There are 2 protein chains.
Amino acid sequence: MEKKPTFKCAANPEVKELSEMLKVISDPSRLRILCTLFFGEKCVCEVEEGLAISQPLASHHLGVLREAGLVEVRKEGTSSYYSLVPEALQKLNREFREILGEHKLPDRYPERSRC
Amino acid sequence: MEKKPTFKCAANPEVKELSEMLKVISDPSRLRILCTLFFGEKCVCEVEEGLAISQPLASHHLGVLREAGLVEVRKEGTSSYYSLVPEALQKLNREFREILGEHKLPDRYPERSRC
DNA sequence: TGCTTATATAAACTGTTATTAATATAATGC
DNA sequence: GCATTATATTAATAACAGTTTATATAAGCA
């Protein structure tokens, strides 16, 4: 007999989904990569230099961001140019607000009620 | 001779700060705890039951959230009641928007420019 | 073909962290 | 004081993730 969560919000699949996305962007290198990509696409060697990390490490983190759907890649010659996926960022912002948005706080907090 | 990041945004201390906070909330159990606390304060045993996790685990995650300043605790008898810290959540939302807000995307993306 | 450059992949190492089990603390009531 | 309840802490385990080193792929060029 296995226990089940009794809080509805705790069983919300969107929460699990958001936590996975947050895990991806919570690595400092990856968050810094995202920051730089707001200014436009960058190739791996630019990320490497811009963040002062090794080439395999830059490639690895870009790969994680790509798997998560946050960035996409365009190949040109021997170079790979990475850029943000605007829709993914919009979705991330939306889900963050929906789950952790400050507007969810009641005027009088804390209070006790069912969840 | 050590290399230094050449991207200003990559050296931004706020980015490092945000990544640390995201790491705290990216754990699924902790994100679920935060969700339930939006409805009001909860004692450890309520969190434990509500999420179907063990008592020491609930206590541990609440402790991590507390160290991060996201929740605070009120002791009453043998019980500990945890609640959100509204200011911390507001700050988190603000920094998230400042660094990852969709408004930062230029109308025409991707484009190439200095960062 | 061979050489260089850019990127990706694989393996190994390391450090971190979630989780569990066991134990300790601290308050309450008999 | 003793037993019970709620919570916190500690130690041990196990899984995971970031990093480095080494190697592979693949395009461009002489």
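Note on naming: letters A, B, ... go to the chains in the order of the sequence lines (proteins, then strands), and numbering restarts at 1 for each one. Just so it is clear, the structure is predicted and the values come from calculations on it, not from any experiment.
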Applying a 4.0 Å non-hydrogen cut-off, can you work out what B/Arg66 is touching in the nucleic acid: base, sugar-phosphate, or nothing? nothing

Starting from [atom2] on [N], measure out to [atom1] on [X] and report it in whole angstrom.
X       : N      : atom1 : atom2 : value
B/Leu65 : C/dT17 : CG    : P     : 14 Å
B/Arg74 : D/dT7  : CZ    : P     : 12 Å
B/Arg32 : C/dA18 : CZ    : P     : 14 Å
B/Glu67 : C/dT17 : CD    : C1'   : 13 Å

In B/S/- notation, 5' to 3', how is nucleotides 3-15 of chain C contacted by protein heavy atoms closer than 4.0 Å? ---SBBB------

Residue pair A/Val64/A/Glu76 against DNA chain D: nearer the 5' end by closest nucleotide is A/Val64

Has the side chain of [X] got a donor or acceptor atom that lies under 3.5 Å from a matching backbone atom of [Y]?
X       : Y       : answer
A/Tyr81 : A/Glu76 : no
A/Glu49 : A/Glu46 : no
B/Ser59 : B/Pro56 : no

Can you sort out the partners of B/Lys91 under side-chain contact (heavy atoms from CB on, under 4.5 Å), two or more places apart, ordered by chain and number? B/Glu17, B/Arg94, B/Glu95

In short, B/Lys104 meets B/Ile99 closest at the heavy-atom pair NZ-O, 3.1 Å

Check ion pair B/Glu67-B/Arg30 (N to O, under 4.0 angstrom): no

Looking at A/Arg66 and A/Glu72, does any basic side-chain N land under 4.0 Å from a carboxylate oxygen? no

Can you list the steps and then say if A/Leu57 with A/Leu51 is a side chain to side chain contact (heavy atoms under 4.5 Å, CB included)? CA-CA 11 Å; A/Leu57 190 54; A/Leu51 269 68; over 6 Å; no

Within residues 17-27 of chain B, those residues having any heavy atom closer than 4.0 Å to DNA chain C are B/Lys23, B/Asp27

